[in-house]
Amino acid sequence: MGNLLQGVNLYLIGMMGVGKTTVGRLLAKQLGYGYVDTDDVIAQAAGKSINQIFADEGEAAFRKLETDVLSQVCAFTKLTIATGGGIVLQRENWGYLHHGLIVWLDASVELIYRRLAEDTTRPLLQDVDPKGKLRSLLEQRQSLYAQADIRIAIAQEETPEQIATRVMEAIPSVLKKPVSHS
Ligand SMILES: Nc1ncnc2c1ncn2[C@@H]1O[C@H](COP(=O)(O)OP(=O)(O)O)[C@@H](O)[C@H]1O
Ligand SMILES: O=C(O)C1=C[C@@H](OP(=O)(O)O)[C@@H](O)[C@H](O)C1
Ligand SMILES: [Mg+2]
């Protein structure tokens, strides 16, 4: 499968908790690609957690770091990149994302909420009404996520492996076909 994408990067987008980080690792293996998680790069470069960056510097500063990381990562090839759920918010990020193939992992608020109910690592969900927060974030972002090349709708019982397989199966349908001169 190493040459399926011919070196073109694969970007995973979608709401927090949908599985970008988990599925991204599997896809990198299956594609014979390197793996990058933009949140990990940001946290490593800053020397602190995403929570701490939000607390110390605020969301706007985090978004600038996110754009910096994306702009650097997109200079490389043969990467699967798990992005943070808010990467779609900055218009300039789309110029970078479109260097590669963009896959939207789409799941319901109910599914995401169940997964993240006990999670404390998503600063935007440290809210009195985390489910309502997820709903309003999805409402704000849905039309942006929909600009992806591929949408994978995720049902409850699917394992990360099954989702990765569906992404792999969907890729050929969106690759440009060679122009026939016959
Ligand atoms: N297909 C899946 N089924 C069940 N749990 C999953 C699945 N994919 C991810 N998870 C779990 O959901 C949580 C969020 O996954 P993660 O990959 O960090 O999502 P994201 O990077 O999109 O925020 C983690 O605890 C992860 O183990
Ligand atoms: O949706 C968001 O705005 C965010 C999602 C997080 O990444 P995941 O989508 O990997 O959880 C992380 O970048 C940060 O907490 C902000
Ligand atoms: Mg993630």
Side-chain angles (χ1 to χ4, degrees), residues 10-30 35-46 48-71 73 79-91 93-94 96-97 102-127 130-148 150-169:
L10 186 70
Y11 292 93
L12 292 176
I13 67 170
M15 285 288 284
M16 60 182 98
V18 81
K20 303 178 296 295
T21 297
T22 310
V23 175
R25 272 200 206 97
L26 296 174
L27 282 169
K29 257 192 218 130
Q30 289 185 26
Y35 172 70
V36 174
D37 187 303
T38 55
D39 281 342
D40 289 348
V41 178
I42 292 166
Q44 244 170 39
K48 50 188 165 185
S49 68
I50 302 296
N51 266 338
Q52 207 57 49
I53 297 171
F54 270 70
D56 293 349
E57 297 158 47
E59 180 171 352
F62 172 80
R63 297 295 171 210
K64 286 207 179 77
L65 294 172
E66 195 170 46
T67 298
D68 277 356
V69 167
L70 184 63
S71 73
V73 156
L79 292 177
T80 297
I81 297 130
T83 64
I87 204 135
V88 296
L89 296 171
Q90 315 297 314
R91 187 182 288 256
N93 289 351
W94 283 94
Y96 301 123
L97 294 170
I102 309 168
V103 176
W104 172 24
L105 300 185
D106 185 20
S108 68
V109 163
E110 277 65 29
L111 182 146
I112 293 168
Y113 178 70
R114 269 199 300 280
R115 283 195 194 157
L116 295 183
E118 307 298 318
D119 186 279
T120 55
T121 63
R122 269 72 174 186
L124 294 177
L125 287 194
Q126 307 312 302
D127 192 277
K131 202 173 196 175
K133 184 68 191 257
L134 279 172
R135 266 198 212 98
S136 71
L137 286 175
L138 181 56
E139 196 181 328
Q140 179 196 2
R141 297 173 179 180
Q142 189 139 24
S143 63
L144 299 168
Y145 292 140
Q147 293 180 49
I150 295 173
R151 170 177 173 261
I152 301 288
I154 296 172
Q156 329 232 347
E157 327 72 36
E158 285 183 288
T159 64
E161 287 76 13
Q162 287 172 319
I163 296 164
T165 299
R166 286 210 288 132
V167 173
M168 293 294 282
E169 286 171 356

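The basis for the numbers below is simple: all heavy atoms, side chains too, and nothing from hydrogens, waters or symmetry mates. Just follow the structure's listing: the first ligand is 1, and inside any ligand the first atom is 1.
- Leu70 is not listed as a side-chain neighbour of Gln90, based on a closest heavy-atom distance of 4.5 Å or more.
- A salt bridge links Glu59 to Arg63: at least one charged side-chain nitrogen sits closer than 4.0 Å to a carboxylate oxygen.
- Atom 11 (O) of ligand 2 has Arg122 NE, 2.9 Å as its closest protein atom, hydrogens excluded (heavy atom only).
- In terms of protein heavy atoms, atom 13 (O) of ligand 2 is closest to Asp39 OD1, 2.7 Å.
- Considering only heavy atoms from C-beta on, Val73 stays 4.5 Å or farther from Tyr96 through its side chain.
- Within the 4.0 Å heavy-atom shell around ligand 1 one finds Gly17.
- Here the closest non-hydrogen pair linking Glu157 and Gln162 is O-OE1, 3.7 Å.
- Protein heavy atom in closest approach to atom 14 (C) of ligand 2: Ile50 CG2, 3.9 Å.
- For the pair Arg141 (side chain) and Leu89 (backbone), a donor-acceptor distance under 3.5 Å is absent.
- Of the heavy atoms in Ile87, none comes closer than 4.0 Å to ligand 2.
- Of all atoms in ligand 2, listed by their number and element, those nearer than 4.0 Å to a heavy atom of Leu124 are 2 (C), 3 (O).
- For the residue pair Leu12 and Lys20, the shortest heavy atom distance occurs at CD1-O, 3.3 Å.
- Closest to atom 4 (C) of ligand 2 among all protein heavy atoms lies Gly85 N, 3.9 Å.
- Pairing each heavy atom of Ile87 with each of Asn93, the nearest pair is O-ND2, 2.8 Å.
- In summary, the atoms of ligand 2 found under 4.0 Å from a heavy atom of Pro123, numbered by their order in the structure, are 15 (O).
- Of the protein's non-hydrogen atoms, Glu158 O, 3.0 Å is the one closest to atom 1 (N) of ligand 1.
- Minimum heavy-atom separation, Asn51 to Thr121: ND2-CA, 3.6 Å.
- Residue, atom and distance of the protein heavy atom nearest to atom 9 (O) of ligand 2 are Lys20 NZ, 2.6 Å.
- Contact annotation: for Gln126 versus ligand 2, there are no heavy atoms closer than 4.0 Å.
- If you number the atoms of ligand 1 from 1 as listed, the ones under 4.0 Å from a heavy atom of Met16 come out as 23 (O).
- The shortest N or O to N or O distance between Thr121 and ligand 2 is not below 3.5 Å.
- In terms of protein heavy-atom proximity, atom 1 (O) of ligand 2 is closest to Arg141 NH1, 2.7 Å.
- For atom 18 (O) of ligand 1, the candidate residues are Lys20, Met15, Arg115, Arg122; the nearest heavy-atom contact is made by Arg122.
- Residue Thr22: no N/O/S atom is found under 2.8 Å from the Mg ion (ligand 3).
- To the nearest 0.5 Å, the span separating NZ on Lys133 from OH on Tyr113 amounts to 14.5 Å.
- With ligand atoms numbered from 1 in the order given, ligand 2 contributes 7 (O), 9 (O), 13 (O) to contacts under 4.0 Å with heavy atoms of Gly84.
- Considering every non-hydrogen atom in both Thr21 and Tyr35, the closest pair reads O-OH, 3.1 Å.
- Counting only heavy atoms, the protein gets under 4.0 Å from atom 3 (N) of ligand 1.
- Close approach to Ile163 involves these atoms of ligand 1, each under 4.0 Å from a residue heavy atom: 1 (N).
- Checking only distances, Gly19 does come within under 3.5 Å of ligand 1, N or O to N or O.
- Between Glu169 and Arg166, none of the side-chain N atoms (NZ, or NE/NH1/NH2) sits under 4.0 Å from a carboxylate O, so this pair counts as no salt bridge.
- A salt bridge links Lys48 to Glu57: one of the charged nitrogens lies within less than 4.0 Å of a carboxylate oxygen.
- A distance-only check finds no donor-acceptor pair linking the side chain of Gln52 to the backbone of Ser49 [under 3.5 Å].
- Close contacts between ligand 1 and Val18 involve ligand atoms 19 (O), 22 (O) [criterion: under 4.0 Å to a heavy atom].
- Annotation for ligand 2: atoms under 4.0 Å from non-hydrogen atoms of Phe62 are 13 (O).
- Those atoms of ligand 2 that come under 4.0 Å of a heavy atom in Gly86, given as number and element, are 1 (O), 2 (C), 3 (O).
- The proximity of Glu59 to ligand 2, defined as any non-hydrogen pair under 4.0 Å, does not occur for either the backbone or the side chain.
- Looking only at protein heavy atoms, the nearest one to atom 26 (C) of ligand 1 is Thr22 OG1, 3.8 Å.
- Looking at atom 21 (O) of ligand 1, its nearest protein heavy atom turns out to be Thr21 OG1, 2.8 Å.
- In this structure, Ala28 and Thr80 approach most closely via the heavy-atom pair CA-OG1, 3.5 Å.
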